[in-house]
There are 2 protein chains.
Amino acid sequence: MPKIGMEPLRRKALIDATISAIGERGSLDVTMSEIAGRAGVSSALAHHYFGAKDELLLATMRHILAELTADMRRALRSASTARERVSAVVAVNFSDVQFRPETIAAWLAFYVEAQKSAALRRLLKVYARRLHSNLLSGLTGILPRNEADRVAEATAALIDGLYIRRALKDGVPNAATAIALIEDYLETKLSRRSAQ
Amino acid sequence: MPKIGMEPLRRKALIDATISAIGERGSLDVTMSEIAGRAGVSSALAHHYFGAKDELLLATMRHILAELTADMRRALRSASTARERVSAVVAVNFSDVQFRPETIAAWLAFYVEAQKSAALRRLLKVYARRLHSNLLSGLTGILPRNEADRVAEATAALIDGLYIRRALKDGVPNAATAIALIEDYLETKLSRRSAQ
DNA sequence: TTTTGTTGATTGATCCGTCAATAAAAAATA
DNA sequence: TATTTTTTATTGACGGATCAATCAACAAAA
């Protein structure tokens with residue numbers, strides 16, 4: 001019984017279903033039928049709206065990225081000092097919305113898939129660059145440029161590393177501990193400089 | 001034309017072929033025929049020696065892990081002080097043998113697969129624990145126990161994070177830079193404590 | 001003649017993507 | 001207003017491709 005204006009609702013439902021399916025299976029090896037089933041529609045409809053599976057996956061990654069970007073913008077707006085900006089960027093990556101098992105699993109899976117898909121790789125590179133420049137925007141106010149660059153690189157690596165370890169359910173158990181770890185690193189790096 | 005004693009040679013060749021195939025494709029989505037072809041045999045032979053595909057993949061991960069463990073032992077043997085032991089553990093992870101594109105891709109792919117395969121997950125957890133205790137064996141000589149634990153956790157996260165970023169071919173470009181980044185972190189962490 | 005090495009051919013399952021068909025809403029036309 | 005037509009929503013069924021795993025068969029060494 002077709003009601004008009006279904007398209008945006010179905011697209012959203014299918015993308016949500018994709019994330020939860022990936023999260024449960026822990027990889028992109030989910031079938032279109034599985035995803036469609038979770039969204040309460042047939043696989044034919046998923047193809048109708050997204051064309052190929054690749055595009056559904058791409059749209060899903062775009063959605064995750066867009067949410068992260070929005071959260072990041074919000075967090076940066078409410079940070080007044082350079083130091084606060086750095087902490088805000090870190091905190092967003094471990095917020096309740098971002099640091100969920102499904103989202104983490106999706107990130108990891110997409111990282112792997114990016115090695116095959118050029119489109120996905122481009123998306124992830126854009127995110128990486130944005131993360132770096134966001135971190136830098138805070139750090140350059142405190143450290144000399146080339147050292148700020150290093151610290152930004154290390155912080156980004158720490159974030160990714162803590163995501164991976166969380167996916168393995170080994171090592172750092174929760175977001176608070178993860179944040180504390182990175183903040184500890186930043187504190188030693190920044191307080192040291194400011195003390196000299 | 002069968003010659004005796006082929007089994008160990010074929011096993012080795014198949015495992016090597018698996019690593020190079022995974023490295024090239026960037027994921028575990030490689031067919032048995034592809035792997036067998038690279039090893040110069042038929043896919044039927046691969047099944048003959050390894051049974052199922054899962055077991056070939058598992059054997060491959062075991063092989064990578066065994067090599068890393070051997071390298072680690074060697075490096076630790078030639079380190080005399082606690083501080084040197086820490087650096088040795090870090091260095092091994094970025095040695096020419098370990099920090100190759102194929103090996104990195106394989107690691108990443110296996111991390112993802114571990115979410116599906118319990119056997120693989122067990123393997124990776126063993127590795128994670130060993131890495132942690134190796135780092136700790138050096139750090140406990142310098143830092144109080146609970147802080148040593150934290151630093152070990154952060155170092156492990158940095159290693160994983162730098163692997164991921166290398167896989168994306170973005171960020172840190174080479175092993176030397178990666179090592180410098182981690183050593184810089186360790187130096188600030190350790191020199192600070194020893195100065196107090 | 002038994003063991004070891006090896007493969008081509010085949011089977012069975014999975015899964016993506018397409019298509020024809022159906023149904024209801026909306027728009028156009030009479 | 002009544003009708004036809006078009007657009008939007010939706011699915012079951014199916015074709016075709018891929019691939020893991022098996023098996024029968026063959027060859028050479030022991």
Side-chain angles (χ1 to χ4, degrees), chain A residues 1-22 24-61 109-110 112-113 115-120, chain B residues 1-22 24-61 109-110 112-113 115-120:
Chain A
M1 335 74 180
K3 289 169 186 168
I4 52 146
M6 278 291 106
E7 176 155 1
L9 299 181
R10 295 304 193 198
R11 288 193 110 96
K12 176 76 163 60
L14 282 164
I15 286 175
D16 287 347
T18 304
I19 294 176
S20 94
I22 292 174
E24 200 158 296
R25 209 153 309 232
S27 88
L28 297 195
D29 251 335
V30 285
T31 69
M32 288 296 270
S33 306
E34 164 78 15
I35 294 171
R38 277 167 187 266
V41 297
S42 72
S43 71
L45 195 68
H47 276 105
H48 175 64
Y49 283 129
F50 286 96
K53 189 184 173 183
D54 301 358
E55 294 188 52
L56 173 54
L57 294 180
L58 206 61
T60 302
M61 187 72 239
F110 278 123
V112 171
E113 189 70 10
Q115 311 229 324
K116 274 189 276 186
S117 157
L120 214 47
Chain B
M1 336 73 184
K3 289 169 188 168
I4 52 149
M6 280 289 105
E7 176 157 1
L9 298 181
R10 295 304 193 199
R11 288 192 111 97
K12 175 74 163 63
L14 282 164
I15 286 176
D16 287 347
T18 304
I19 295 176
S20 94
I22 292 174
E24 200 158 297
R25 200 139 335 219
S27 88
L28 297 194
D29 250 337
V30 285
T31 68
M32 287 297 269
S33 305
E34 162 80 13
I35 294 170
R38 278 167 187 265
V41 297
S42 72
S43 71
L45 195 68
H47 276 104
H48 174 64
Y49 283 128
F50 286 95
K53 189 184 176 185
D54 301 358
E55 295 189 54
L56 173 53
L57 294 180
L58 205 62
T60 302
M61 187 72 241
F110 278 122
V112 171
E113 188 70 11
Q115 310 229 325
K116 274 188 276 184
S117 157
L120 214 46

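Residue numbers start from 1 in every chain, and the chains themselves are labelled A, B, ... in the order their sequence lines are given, proteins ahead of strands. Predicted model only: the values in this text are computed from it and were never measured.
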Q: Could you name each residue pair satisfying salt bridge (Lys or Arg N to Asp or Glu O under 4.0 Å) that touches residues 9-22 of chain A, not counting sequence neighbours?
A: A:Glu7-A:Arg11, A:Lys12-A:Asp16
Q: List in numerical order all residues of residues 25-34 of chain B for which some heavy atom is under 4.0 Å away from an atom belonging to DNA chain D.
A: B:Val30, B:Thr31, B:Met32
Q: Can you give me every donor-acceptor pair (side chain of residues 44-52 of chain B, partner residue at least two apart or in another chain, under 3.5 Å) with its distance?
A:
| from | atom 1 | to | atom 2 | distance (Å) |
| --- | --- | --- | --- | --- |
| B:His47 | ND1 | B:Ser43 | O | 3.3 |

Q: Report the C-alpha separation of B:Ile22 and B:Leu57 in whole Å, then their side-chain angles, then the decisive distance to 0.1 Å, and conclude whether the side chain to side chain contact (heavy atoms under 4.5 Å, CB included) test is met.
A: CA-CA 10 Å; B:Ile22 292 174; B:Leu57 294 180; 4.3 Å; yes
Q: Applying side-chain contact (heavy atoms from CB on, under 4.5 Å), name anything that partners B:Asp54, two or more places apart in sequence or on another chain.
A: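 Counting only residues at least two positions away or on another chain, B:Asp54 forms no side-chain contact (heavy atoms from CB on, under 4.5 Å).
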Q: Would you give the length of the straight line joining atom CG of A:Leu56 to atom OG1 of A:Thr18, rounded to the nearest 0.5 angstrom?
A: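 If we round to the nearest 0.5 Å, A:Leu56:CG and A:Thr18:OG1 are 3.5 Å apart.
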Q: Side chain of A:Tyr49: nearest nucleotide among C:dG5, C:dA26, D:dA9?
A: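 The answer is D:dA9.
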Q: Restricting to nitrogen or oxygen on both sides, can you table the protein-nucleotides 7-11 of chain C pairs closer than 3.5 Å?
A:
| from | atom 1 | to | atom 2 | distance (Å) |
| --- | --- | --- | --- | --- |
| C:dT7 | OP2 | B:Ser42 | N | 2.9 |
| C:dT7 | OP2 | B:Ser42 | OG | 3.2 |

Q: Under 4.0 Å, heavy atoms only, any strand: does B:Gly5 hit a base, just the sugar-phosphate, or nothing?
A: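 Counting heavy atoms under 4.0 Å across all strands, the contact made by B:Gly5 is with sugar-phosphate only.
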Q: Compile the donor-acceptor pairs under 3.5 Å between side chains in residues 29-40 of chain B and protein atoms, sequence neighbours left out, one pair per line.
A:
| from | atom 1 | to | atom 2 | distance (Å) |
| --- | --- | --- | --- | --- |
| B:Asp29 | OD2 | A:Lys116 | NZ | 3.3 |
| B:Thr31 | OG1 | B:Glu34 | N | 2.9 |
| B:Glu34 | OE2 | B:Arg38 | NE | 2.7 |
| B:Glu34 | OE2 | B:Arg38 | NH2 | 3.1 |
| B:Arg38 | NH1 | B:Ser20 | OG | 2.9 |
| B:Arg38 | NH2 | B:Glu24 | OE1 | 3.4 |
| B:Arg38 | NH2 | B:Glu24 | OE2 | 3.1 |

Q: Please give the angle, rounded to 10 degrees, between the axes at the start and the end of the helix from C:dT1-D:dA30 to C:dA30-D:dT1, where five pairs define each axis.
A: 20°
Q: Applying salt bridge (charged side-chain N to carboxylate O under 4.0 Å, His left out), can you list everything that pairs with A:Glu55, at least two apart in sequence or on another chain?
A: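 Once residues adjacent in sequence are excluded, A:Glu55 has no partner under the salt bridge (charged side-chain N to carboxylate O under 4.0 Å, His left out) criterion.
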